[in-house]
Participant: 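Let me give you the structure first, and then I'll get to my questions.
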Amino acid sequence: MNDPQPPVLFETSPGSSREDVAPASSFLAELNPLQLEAVTHRGGHCLVLAGAGSGKTRVLTHRIAWLIAERNIDPAKICAVTFTNKSAGEMRNRVRRLLGPGKSEAWLLTFHAMGLRLLREWTEEAFSSATGASGSPLRDAGKAGGKGDAWLPPSGFTIYNHDASLAVWKQCQSALRLSTRDHDPGRMFSLCSRAVSRLEDPSSWDSANQDYDRRVAGRVWKEYRAAMRAAGAVDFDDLLVLPLHLMAQHPPLRAHTAARFQQLLIDEYQDTNRIQYRLIQTLLGNDSELMVVGDEDQCIYRWRGADLNNVLDFQNDFPGASVVRLEQNYRSTQPILSAAGSLVANNRQRLGKSLWTEREGGESPIFVQCATDREEAQWIARRISEMHTAKLSDIAILYRTHAQSRQIEEVFIGKRIPHRVVGGQRFFARREVRDVLAYLQLLVRDDDLALRRAIATPSRGIGPKTIAALGNVTAGSSAAAALRQLADGAEPERSFREAGFSPAIAERLLAFGRLLSSLRGVAAKKPVADLIGTTIERSGYTALLERGENTDDRLGNLGELASAAKEIVSDGAEIATSKTEVQRPATKHGADDVNASGDRPGKFDELRSFLDRLALLADADTDRDGVEGVRLMTLHAAKGLEFNVVFLAGMEEELFPHATSLAGGDVEEERRLCYVGMTRARQRLFLSAARSRRVNGRERWLEPSRFISEIDPRLIVVRDYLNPRAAGSKDYVPNSFSGLGGRTGKRKRSNNPAYRQQPAHDSLRASPNKTAPVKFTGSTRPAIATDLLEGSTVVHPTFGPGKITVTSGSGEKLKLTVRFRKTGTKTVIAKFAKLEVPD
DNA sequence: ATCGTTGCTCTTTTT
DNA sequence: GAGCAACGAT
Ligand SMILES: Nc1ncnc2c1ncn2[C@@H]1O[C@H](COP(=O)(O)OP(=O)(O)OP(=O)(O)O)[C@@H](O)[C@H]1O
């Protein structure tokens with residue numbers, strides 16, 4: 001990483017000199033001078049901007065310890081926001097280790113968990129007693145908005161995860177008679193979600209100047225929001241948006257809440273979105289201090305609304321804020337660091353940074369291209385078998401898409417290599433897991449989505465019509481509530497009949513209602529793990545699985561769910577603050593009564609918090625340290641982690657960078673993702689590609705990723721594995737990739753026209769995907785601000801000459817839309833683009 | 001009214 | 001390979 005020193009964008013505040021602080025706490029000795037400066041920063045906000053492995057997370061951890069030990073800050077007034085629950089847990093442990101035993105009451109959580117916690121705490125009662133207000137100020141604040149942005153969920157509210165939210169969305173869509181063929185629900189939902197995370201309001205998209213997609217999506221979104229509120233449910237976005245709007249519309253609530261956030265620390269700031277930024281702003285009190293840490297090269301969530309401007313504008317947003325840059329990498333060896341640096345240097349949208357390591361020596365990253373995805377997996381397996389030293393859990397295989405894990409897993413199973421696929425949502429998206437969770441959900445609250453799912457598995461002769469009829473039994477009450485009331489009331493048979501159900505249907509409904517009651521009885525006494533077992537027995541779910549296929553796998557997954565329950569519940573007990581137990585008061589609002597359990601405390605709260613925490617589980621959260629086995633996960637899930645040995649599998653065009661990013665998407669983000677992956681490695685880094693790969697059942701023919709050729713060729717070793725006999729025999733430096741083409745003629749599938757159409761490619765460097773710079777003949781000079789006006793001609797180092805058609809923003813944020821003569825219209829950030837103008 | 005089967009489509013990353 | 005709409009059987 002021998003980048004020229006980047007332009008100084010931020011001056012480090014001279015006020016926070018290191019000498020001010022005597023490192024009385026021994027743990028400060030574990031920091032280098034720049035880290036120490038950041039950790040002990042006082043009196044203002046601070047951005048730590050630094051590359052991979054430079055100890056940003058360590059700075060946060062030590063700062064928390066320092067705030068408590070040296071500045072005597074009440075831990076309850078410290079909040080650190082991390083990207084996953086797992087990293088929050090690790091941070092909690094490290095702080096404990098630094099400070100010694102003693103409970104840390106600091107909030108260490110994710111943004112979503114924070115939103116949840118606030119919403120759970122903000123009951124009318126809690127608020128009234130804290131502020132002396134009377135009446136229902138919160139609820140009224142929500143109503144006063146008119147637009148309905150602010151909404152205080154009823155106390156029994158639940159979180160719908162992506163699947164559940166999408167199910168609601170689909171219902172709304174079909175209620176509006178919008179076919180899912182013409183209007184992809186997932187697309188529309190994510191369109192709205194992205195908009196919401198940019199603080200846009202999709203319900204205002206009905207105006208004529210919106211494009212068709214948005215108008216339609218906006219219509220569905222209004223229905224969706226109404227349906228979610230009627231169900232007493234919040235989605236992931238709500239967890240951020242609702243607290244924001246509630247505080248905005250109710251200043252005393254904001255003041256009351258902000259008082260707790262005297263010290264706010266944010267990890268992975270480069271991947272925060274606009275709402276999160278606003279939340280941070282809203283939560284800061286007058287004398288609060290904010291520290292954010294981030295790395296613009298590791299921003300990998302722009303596709304879901306992460307906004308790099310949060311980092312770029314930090315000093316504008318928080319005037320007087322300091323910036324500390326860390327430059328020493330403690331994680332990787334020089335060759336790995338250099339290779340990663342040379343890759344990400346291909347991005348234009350970056351500030352640039354220098355990063356060095358004392359870990360001289362070490363082996364160069366190795367790239368190998370295999371014939372097929374299966375051979376790729378076998379190659380990886382072989383490399384792992386050959387490593388005698390490494391602990392398996394210190395090895396990670398990272399890939400772009402989940403689908404890639406299958407092939408690797410199969411090979412690993414065959415070769416008996418212990419491994420773990422990390423990916424929580426994957427696990428919780430399994431059918432059997434979702435089915436059982438629907439039952440659990442039903443025990444806790446009257447949830448129609450859960451009712452529909454549970455009542456149909458195993459099938460009980462009750463379908464959509466009957467459930468709709470249940471929903472109409474009592475106006476304004478859910479089908480689940482009606483069922484519970486009818487079945488649990490006196491003379492249920494008569495009630496059902498009077499409600500208009502035929503005897504046969506009534507009998508089935510009653511049987512199901514009684515099943516739920518009996519399970520509620522169990523839920524009130526037994527731990528969640530036991531409850532799961534009882535549920536699948538009594539509901540006939542076990543029997544259903546035994547009749548079907550993959551019985552053992554599926555039962556095994558439910559066993560895992562039960563053991564996850566044990567772990568999560570015991571974790572939760574440790575983390576819980578007294579306020580987590582929100583006792584629900586009798587509510588006057590009928591629609592708010594979504595609680596199916598009555599007021600029985602204890603085990604029910606445990607079950608509720610278990611369900612809450614499941615909904616918020618990140619992929620990375622499902623990994624349990626200490627369990628042996630190679631880790632398999634997506635690159636996204638690997639963010640923030642480190643391993644001795646890292647394999648990046650599937651380094652192929654259209655897979656990585658993914659095809660969607662090539663078609664007008666964000667290739668730079670893919671490159672950052674690759675950078676993130678490479679920099680997870682401490683000692684060894686292997687990159688691999690397959691020449692042909694099964695993608696959705698079809699065999700596809702793929703070129704090696706451009707990222708391989710973008711890495712400085714002196715920093716990566718290319719091995720030929722197309723012929724296994726030659727594997728490892730010859731290392732050579734890739735000035736040309738010739739020789740990688742062998743062996744394909746033998747393949748059976750070579751009659752497939754798709755194969756024959758592929759031109760023989762013998763030089764990766766000549767890949768058409770690699771953009772050759774467009775030359776501008778004529779003399780130019782670097783552009784200055786006054787050159788960059790609409791209509792002026794500029795010259796871009798890669799795209800060549802073009803005319804500015806639109807400008808937006810100003811200063812560091814100045815963005816230009818330029819119609820390039822050769823390469824079409826593109827939007828560039830003036831600061832990054834190294835533009836020139838004709839002299 | 002409900003349930004299971006068939007045939008079709010589209011394929012990223014996630015809190 | 002999963003999810004879904006549409007169909008036909010119960
Ligand atoms: N001053 C130090 N001395 C020794 N080791 C350090 C020091 N600072 C950080 N480390 C180690 O370097 C590694 C990377 O640190 P950390 O995870 O905090 O970096 P990071 O900047 O958050 O990384 P990334 O952005 O890549 O996730 C860790 O193993 C950490 O223990």
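Owing to the predicted nature of the structure, the values given are computational and were not obtained by experimental measurement. Residue numbers begin at 1 in each chain, while the letters A, B, ... track the order of the sequences.
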Participant: CD of A:E654 versus C1' of B:dT12: gap in Å, rounded?
Facilitator: 13 Å
Participant: Report the distance from atom OH of A:Y301 to atom C1' of B:dT12, rounded to the nearest whole Å.
Facilitator: 11 Å
Participant: Please classify the nucleic acid contact of A:L239 as base, sugar-phosphate, or nothing, using heavy-atom distances under 4.0 Å.
Facilitator: nothing
Participant: Atom NZ of A:K86 to atom P of B:dT14: distance rounded to whole Å?
Facilitator: 15 Å
Participant: Provide, to the nearest angstrom, the distance between the CD1 atom belonging to A:I300 and the P atom belonging to B:dT12.
Facilitator: 17 Å
Participant: Stacking between A:H658 and B:dT12, defined as ring centres under 5.5 angstrom apart with planes under 30°, is that present or not?
Facilitator: yes
Participant: In this structure, how many angstroms lie between the P atom of B:dT15 and the CG atom of A:L116, rounded?
Facilitator: 15 Å
Participant: Output one line per pair: protein atom, nucleotide atom from nucleotides 5-10 of chain C, and distance, for all N/O pairs under 3.5 Å.
Facilitator:
| unit_1 | atom_1 | unit_2 | atom_2 | d |
| --- | --- | --- | --- | --- |
| C:dA5 | OP1 | A:T180 | OG1 | 2.5 |

Participant: Mapping A:A456 and A:W303 onto DNA chain B by nearest heavy atom, which one lands closer to the 5' end?
Facilitator: A:A456
Participant: Tell me whether the OP1 or OP2 atom of C:dC4 has a side-chain N or O from A:K170 closer than 4.0 Å.
Facilitator: yes
Participant: Just jot down the salt bridge (Lys or Arg N to Asp or Glu O under 4.0 Å) partners of A:R554, sequence neighbours excluded, or say none.
Facilitator: A:E432
Participant: Return the minimal non-hydrogen interatomic distance between A:A649 and A:I397, and the atom names on each side.
Facilitator: CB-CG2, 4.4 Å
Participant: Without decimals, in angstroms, what is the distance between A:E653 CD and B:dT12 P?
Facilitator: 18 Å
Participant: Give a yes/no on whether any side-chain N or O of A:T634 is located under 4.0 angstrom from OP1 or OP2 of B:dT14.
Facilitator: yes
Participant: So which one's nearest nucleotide on DNA chain B is more toward 5', A:N85 or A:I505?
Facilitator: A:I505
Participant: Take atom OH of A:Y675 and atom P of B:dT13, then tell me their distance rounded to the nearest Å.
Facilitator: 24 Å
Participant: Can you name the residues that form a side-chain contact (heavy atoms from CB on, under 4.5 Å) with A:A396, not counting sequence neighbours?
Facilitator: A:L398, A:R631, A:F643
Participant: Considering only NZ, NE, NH1 and NH2 on the basic side and carboxylate oxygens on the acidic side, decide whether A:R497 and A:E493 come within less than 4.0 Å.
Facilitator: no
Participant: Looking at B:dT14, I'd like to know if its phosphate oxygens (OP1 or OP2) sit under 4.0 Å from a side-chain N or O belonging to A:H402.
Facilitator: yes
Participant: How close or far is atom P of B:dT15 from atom NZ of A:K639, stated in whole angstroms?
Facilitator: 10 Å
Participant: Phosphate oxygens OP1/OP2 of B:dT2: is one of them under 4.0 Å from a side-chain N or O of A:T466?
Facilitator: yes
Participant: Under the ring-ring contact (aromatic ring centres under 6.0 Å, His included) test, which residues partner A:Y301, sequence neighbours left out?
Facilitator: A:F83, A:W303, A:H636
Participant: Sequence neighbours left out, what passes side-chain hydrogen bond (donor to acceptor under 3.5 Å, both in side chains) with A:R671? Give chain and number order.
Facilitator: A:N347, A:E710
Participant: Would you please name every residue forming a salt bridge (Lys or Arg N to Asp or Glu O under 4.0 Å) with A:R460, sequence neighbours left out?
Facilitator: none
